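Here the structure is laid out as structure tokens; the discussion comes afterwards.
Being a predicted model, the structure only gives us computed values, none of them experimental.
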Amino acid sequence: MLRIGLTGGIGSGKSTVAALFAARGVPIIDADAIARELVEPGQPALAEIVAGFDAGLLDAQGRLDRGQLRARVFGDARQRLRLENILHPRIHDAMVARAAAMRAPYTVLVIPLLFEAAQRDLVDRVLVVDAPVELQRERVLLRDRLPSDQLDGILTAQLGREQRRAGADDLIDNSGDAAALEAQVEALHHRYLALAGS
């Protein structure tokens, strides 16, 4: 089975593109969804995060306060690395297992930090969703209401736009309208089906 790694910077439109592939019957494996599962109460990764950081990251129900953790790690590269060392190997293993269980011509693995986390080995092709940084900022500020300095920290921690583009096998330009985006996904869908068939 062909494995497509879908990546892009924050606010580039990865979730929208993944939803368009899903609407065409393509199985989606999302690294962020797996990360959320890994930090549910009772999970070993959550216990390790609490031990490595502090119990103040838990809310009254014992759930991880993801916003507080994000604010902390994107302001401190050492803490971000500590968190990545807890989560990335587990996410990698879960994605491998889920991809192996799929029965489809191809599947899309949504991995926001595909390059940064050295997870290129998980996929056969890399699909980068690209948008100008100004548009990414606008979308994230509208969607997540993040403080501007926190967004700057996230953008700084991610690979630069040109480096992502250079690592792409396929590219989607998400600076236009919904119809333009859908047309690009439709064309790639047929291309991936052809590649999977060959």
So do the side chains of [X] and [Y] get within less than 4.5 Å of each other, counting heavy atoms only?
X	Y	answer
Leu38	Ile34	yes
Leu83	Arg72	no
Leu127	Phe21	yes

Q: Go through Val96 and Leu122 one step at a time and tell me if the side chain to side chain contact (heavy atoms under 4.5 Å, CB included) criterion holds.
A: CA-CA 7 Å; Val96 167; Leu122 281 172; 3.2 Å; yes
Please tabulate, one pair per line, all N/O donor-acceptor pairs under 3.5 Å involving side-chain atoms of residues 41-53, not counting sequence neighbours.
from  : atom 1 : to    : atom 2 : distance (Å)
Glu48 : OE1    : Arg90 : NH1    : 3.3
Glu48 : OE1    : Arg90 : NH2    : 3.0

Q) Do Asp30 and Arg36 sit within salt-bridge range, that is, some charged N less than 4.0 Å from a carboxylate O? A) no
Q: Answer yes when Asp170 and Arg125 have at least one side-chain N-carboxylate O distance shorter than 4.0 Å, and no when they do not.
A: yes
Test item: [X] side-chain N/O and [Y] main-chain N/O as donor-acceptor pair under 3.5 Å:
X	Y	result
Arg120	Val123	yes
Asp169	Val126	yes
Asn174	Ser12	yes
Asp124	Arg3	yes
Arg161	Val133	no
Glu84	Ala117	no

Q: Measure the acute angle between the ring planes of His189 and Tyr106, then classify it against the limits of 30° and 60° as parallel, tilted or perpendicular.
A: tilted
Q) Can you name the residues that form a side-chain contact (heavy atoms from CB on, under 4.5 Å) with Glu37, not counting sequence neighbours? A) Arg98
(Q) As an exercise, state the distance from CD of Gln79 to CG of Leu81, rounded to the nearest 0.5 Å. (A) 11.0 Å
**Q.** Considering all heavy atoms, the nearest Ile111-Ala31 contact
**A.** CA-CB, 4.2 Å
